[in-house]
Each structure stands twice: as structure tokens, then as C-alpha cells.
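Chain naming here is simple, since letters A, B, ... match the order of the sequence lines and numbering starts at 1 in each. When reading the values below, keep in mind they use all heavy atoms of this one structure, side chains included, and skip hydrogens, waters and symmetry mates.
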Amino acid sequence: MADKLLIGISAQTVTAAHWHGGKIVECLTFANDEGGQADFKDFLDRSADTPTHIMVDAVEEDYRFETLPHAYGSDRADMVGRKLKQHYRNTTYMAATLLGRDTGKRRDDRYLFSALTNPDLIADWLQAVAARGMPIAGIYLLPVVGAGLLDKLDVKATNLLLVAQHATGLRLTFFRDRQFRLSRLTRGDSGRPENRTRYFSEEISNTRLYLHALRTMTLDEHLTVLLIDRGDELQEEAAGVARENPSLDCVRLGRSELAGRLGINNELLEASPYAIYLHLLGLKAPLSNLAPASTMVGYKRFQARRAIYAACGALSVAAAVWTGTNLYQSVMLSGDTEYAARQTALLSSQYQEITRQFPQAPTSAENLKKTVEIAQRLRATAHTPQKVMALLGRALEVSPAIVIRELGWKYGVTEIEAEGARTLEAAPSAAAPGGAAGQRKESALIDGEVRPFRGDYRSAIITINGFADRLAEEPEVSEVKVVKLPLNVNPALSLSGNTLDNPEQGGTAEFKLLLVFKPPK
Amino acid sequence: MNQADLQALRNPLLVVAGVALLGALAVYSSGRLMIAARQQLAQQQVQLKDARTRLQKSGDEKDIIVRYLESFRQLERNGFVGDEQRINWLDGLRLANQQADLFGVDYQIGAQRPYLHAAEFSPGPLALNQSVMRVRFRLLHEGDLDRFLVSLARQGAGIFAIDQCLLRRIDTRGVIRYQPNVNAECDLSWITVRVSASGEQKKP
């Protein structure tokens, strides 16, 4: 639990308590004079940078219940702000608390407006706190803080009047359905016990009349009076009040009962009448905070700092967990790696032991096998011009007029070039490195002529085409192209000559055929 | 939030930035360690799998060595495995010329380079190389070409592939006698294989 500084200010005294570990560990009372302020400042110097909650017990307080049209967000804030300024022009310590929705048709919002109408009462004390840079978490009126007592004591009465004797007078606070409705601080004489009983009864009666006048509660309604008796000195007063007012229940809560139900030790109860309220304030701050935004700046920054440091903590924890998980996994993986390495070494040594019985070999078994298989495949797939020569031989037997002058043959990815037959193509050593793409196949370029030729181009071309057709009929042949004929009759080209020329005197019927074989399977 | 608020929160913001930086650094560093450890484990597991497979197949390996070792030695002797044996090639040419009754062979050998069609044989770690030899010779008739090539292959000088050939008839003006009638020119690729050092078998 975070440390807090709890300060209760009244017209006569100031009570300061140090909250630590979920309880008040130190409680001091200072007189509301110069000496008391000096001691108070010394006390503050020991509590630097502790969030401070301030409670005020004064007659200069005001409470108003109002209903406003239901609104949201900035509209609601503007409307409430206007109402506060309208009600309280001379103070900056005011608050509006939304109590709930009205039960009427319009379902208006119900508000409690409260204010400390004499800001000078706390000015010096607040200045002392602010001067030390201590964050002010809130300023509350004592009756609002006292509402927490109902929850702690688990009181279920519909109409409850909480009565407590303070240094400033008698504090009477009325709750209806456990909701704060009214509070009065009286400054009457309560010196002698017999006078005190009458005084208590009168003030309770006055309060009932006032509630009746406000139409908050009728005189006929049953009322429970809860008398806070921290000093065990109001037994007679409680009995007297009950005797004089038969229409109400008067319940006295003595020191031991208060200490037991609130969790406060007796010494603390004896130290100050405000100890009970400061304890409630330490447990839970009420919603009705009178402190203006300018007073709360330090606390907002304090909260932001705490949030940032909390984020730091969360970040550190997350990073530590993440890093730890990573490191744990790294260690586990390293362990697995070492185990695998040991297994590998064991298997390798077993393998080495087995290989001692192997015949001496210059390379691995895989390489031996692959080398031999490659050599076998190279020999098995060797290609020679023998196939094309045999094929030509068969075709020439039925075409005796065809004479082969030149034969080019190639086994490669590309076909033999028709114009390059006079010399071999560039050797592969000059080709681009990186390997050849595509499947290799055989091709041949046949350069020949028709003999004898007596100028009969028609007949010569028929002979050449017949020769080409016979080659094309061979099952191994993929394609036969006539690259050149004795007479170029291509309509796309020009053709010239003289009919007086005598071809019998020296003309030839040359041709070229490109033969492409089917790729090997 | 205004400038004064930022000034008031400067130290906490610096702290959170520092913590975030340190945290990120720690997470990143430990993450890198974990990734490295995971990669090492993956590598080690591959090695373990290889070792296990090698051990399981050690019986097959012995059979392969016994089966292929002699053929491999033969290929080493005829120059297919290892460095090029160009002198053997020339001796082979000379003998083939004599046996095919040719009229002499001119040759020209190019520089060694990776075999262009190696991919057809999926050599794996083996390096296949080729040196192109261009040979020019004259034939009595076309049939001598095949006799010459067969004779050259039988010399045991290595393994070669014929890339291309050109046969051209010589004009003899109709004179019939024992003389060259055909000019021949062929490109032969002498192919060799180099076994990489990593493939050598570890012997005790």
C-alpha cells in the first residue's frame, strides 16, 4: 500500500497522520496558531513527496442537492461548472458529485453540490504543503468522508443520524438509504453531563425539525441515532436521548467496538477525534473532491510519474520474462545440440570401424559408382556420322542421278548451320561457358548436284524433291528442309536469266538439303 | 500535457526510455542466442541424420566399392579419371591413323574447360571437363571415317564424344588410283572427370 499523508483541518486544531502499510502509523495534532504551524512544517519536512489528502471540519460548509438534465461529456461538465460558479462565487473549493438518475420521466441527473465557503481556513496549511512540492491528492469535507463509516459498520437503517462530539462542536450528519443528505456542526455548550444530555437531545430534535422543513424526512418517520463515543463517556447521554425521544433508536458505539470494527488501535482513537475520519480517508477517498485543478497539478504529475514507473516495472518484468524464456530455450537447445553431437560422434566412430573392413578405394563408394556410370553413359550415348551416312546410302541407291559433294554433320543443341558447311562451326572451346540448354540432336547438311543435267530444271527439281522425300520417310528423320534448288522459284525473290543461254554447255543443278534427326529417347 | 508537465516528467520518461532500450536489447540479444542455438541444433541434426544414414548404408557401400572399384581403376588407367592424358590421345591418333590406313591426321587441341553437357549426366560432386580436339585427315572413301573413329575409341586413350564432322569430296578429274578422295574434318570432345577431395573416402 502506498504511503499517504492525511491531514484533518478544523478551526482549532490540525491533525496529521502518516498512512503506511494500510494503516495510520503516526498521528500528531497541531494547534491552529503560529507555533502549531511551525511544528506542522517540521512534520511535513519528514514526509517529502508523499501524496496528501486533506479533510476539513468547519461550519463554513455548504451542501445542495439538485437535479440537472441528463447530459454527457463536455456538455455535462460545462453545465455543472456553470452551476458551481452560480452557487459558490467566493471560493475555489467546491465539488459536484453525481448521485444517480432521477426516477421521474425525464430521468434527470441528481447531483450533490458541496463547498468549503471559507477558503482562508485552510490557506496557510495548504500553502505549507504546496511549498514543499508535496502532491495534494484531494480536499474533502468531513461529513462526506464520514459516509464511509456506514460501510465499515454495516449499518442498514433507512434514516440514520450520525452524532459525534468534535473539538469544534457537535457534528450531526444525516443519511437516508445510506446516502449523505445533510450535516450540521453546532457550537453549543456541552460542559456538564446533565447539560450535555439535554444539549444532545435538543440538537437531535432541531435536526429532525430541519429535515422536516427540507422535506427530507417527516417527524413521524423512524430515526436511528448512531452516537460515536470514542472516549466511552456518553453512556448517560445515549440513555437520556433514548428516554427523551421514544420515536428513535439511539445506538452508542464505544471505544472498543469502534476499534474492533474499524481496525484502529485504542491509542489512536484517544489521540484525536479525527483519527476515525482520517483512517476512513486513508482507506478510500470519497468522490466529492473540493480541490481545484490548479491545486491538483502536483498530484496529477505524481500519478503520471507513478504510472510511468509502474510501466517501467511492467516493461522490466516483461523483458526479464521474455529474456529468461529465450535463455532457457537457448540452454535447452544447446543441450539438445550437444546430445546430437555425441550421437553423431558415436555413429561416426561406428561407421569408421566398419569402413576399416572396406577394400582400399580412392574415393567414396558414391563417387566410384557415379564415375563408372557416367563413363558407361558417355559410351552408350556416343553419336557418329555413321547413321546419316547409312541413311544417305539407302536413299542414293534409288536416286542414281544424285551426287553428294559435301556432307556436314553435327550432334548438338542447335542444328548445323546451312551457310556454314564449307568449314566447321567454331569449336566449343570458344563458346560461352555455363553449359548448353536443351536436348541435343543430330543434324546434317547435304551439298550435292544432279548429274547428268541437261538444262531441264523441272526434271532436276523433281529428282531433288524425290530424294528429299525418300530421306523424310526414314523413321529416325524428324525433318528434311530443301535449303537450295538449282533454280530459285520462290515468288518472294526476283529471278533473272536469258532464254538463249544453253545449260547443256556448262550449267549445273546444285542443291542443299538440311536433315534433322529426332532427338534420342 | 504542457511544457511544464513534460519538464516535471523528464526523469521518469528518461528512465522508461532507458528501461525500454535495455529490455529491447536484452530480448534481442537473447533472441539472437536462441536463433543461433536453434540453427546449430538443426545443423547438428542434419549431421546426425547423415551419420545414421551412412551407418545404415555401410553394407551397401561395401558392395558398391567391390562392384565398381575395378572399373574405376580401369577408367583411371585410360585417362578418363584424373588429369588429361594428352600424350595418350596423340598416341591413340597415331595408331588409329595406321590401323585405318589414312594419309595422316592434323590435330589442334583447345584449352580444357567444364564439359558443356555435364548436366545431362547429373555428376553431383564430380567435375566433368572437356578439351576439344579438331582433327583434319583425308580418306580413301567415306567408310574410312567410321573405321578411324572406331579405331581411335579402341586405343584406350580416354573417352571422347564427336561434336561435328565435315566430309568434302576431292575432285580427282576421274582418275582412279590409290589416293585420297575425301577430306574430313571433325571436332572431338575428350572428356575427363575429376573426383573432388571432399569425396575421398576416409581411411584409417
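Between Phe137(B) and Phe148(B), the angle of the ring planes lies from 30° to 60°, which puts this pair in the tilted group.
Looking at Val27(B), the atoms closer than 4.5 Å to chain A (heavy atoms on both sides) sit in the backbone and in the side chain alike. When heavy atoms are compared at a cutoff of 4.5 Å, Asn78(B) approaches chain A solely by way of its side chain, counted from C-beta outward. For Leu149(B), the part sitting under 4.5 Å from any heavy atom of chain A is the side chain, from C-beta outward, and nothing else. Only the side chain of Tyr309(A) has a heavy atom closer than 4.5 Å to any heavy atom of chain B. Using a 4.5 Å cut-off between heavy atoms, Glu76(B) touches chain A through its side chain atoms alone. Looking at Gln376(A), there are no atoms closer than 4.5 Å to chain B (heavy atoms on both sides), in backbone or side chain. With a 4.5 Å cut-off on non-hydrogen atoms, Val193(B) touches chain A through its side chain but not through its backbone. Within the 4.5 angstrom heavy-atom criterion, atoms from both the backbone and the side chain of Ala20(B) approach chain A. Looking at Ala118(B), there are no atoms closer than 4.5 Å to chain A (heavy atoms on both sides), in backbone or side chain. Residue Leu22(B): no heavy atom, backbone or side chain, is found under 4.5 Å from chain A. Only the side chain of Ile191(B) has a heavy atom closer than 4.5 Å to any heavy atom of chain A. With a threshold of 4.5 angstrom between heavy atoms, Phe80(B) approaches chain A through side-chain atoms but not through N, CA, C or O. Both the backbone and the side chain of Ala4(B) come within less than 4.5 Å of a heavy atom in chain A.
Of the listed residues Gln44(B), Gln43(B), Arg169(B), Gln108(B), the one with more heavy-atom pairs under 4.5 angstrom with chain A than any other is Gln44(B). Chosen from Leu55(B), Val150(B), Ile64(B), the residue pairing most often with chain A at heavy-atom distances under 4.5 Å is Leu55(B). The most heavy-atom pairs under 4.5 Å with chain A, out of Arg73(B), Arg67(B), Lys49(B), Gln47(B), come from Arg73(B). Among Ala37(B), Pro12(B), Ala51(B), Gly23(B), the residue making the largest number of heavy-atom pairs under 4.5 Å with chain A is Pro12(B). Ranked by heavy-atom pairs shorter than 4.5 Å toward chain A, the options Asn11(B), Leu75(B), Leu48(B) are led by Leu48(B). Of the residues considered (Ser29(B), Pro114(B), Pro123(B)), Pro123(B) shows the highest number of contacts with chain A, using heavy-atom pairs under 4.5 Å.
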- Task: Any chance you could lay out the side chain to side chain contact (heavy atoms under 4.5 Å, CB included) test for Tyr299(A) and Ile136(A), step after step, and finish with the verdict?
- Result: CA-CA 5 Å; Tyr299(A) 185 64; Ile136(A) 296 170; 5.6 Å; no
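Within residues 140-147 of chain B, the residues that have a heavy atom under 4.5 Å from a heavy atom of chain A are Glu142(B), Gly143(B), Leu145(B), Asp146(B), listed by number.
The environment of Phe103(B) atom CZ is dense: over 12 non-hydrogen atoms of other residues, nucleotides or ligands sit within 6.0 angstrom.
Of the N and O atoms on the side chains of Gln74(B) and Arg77(B), at least one donor lies less than 3.5 Å from an acceptor on the other residue.
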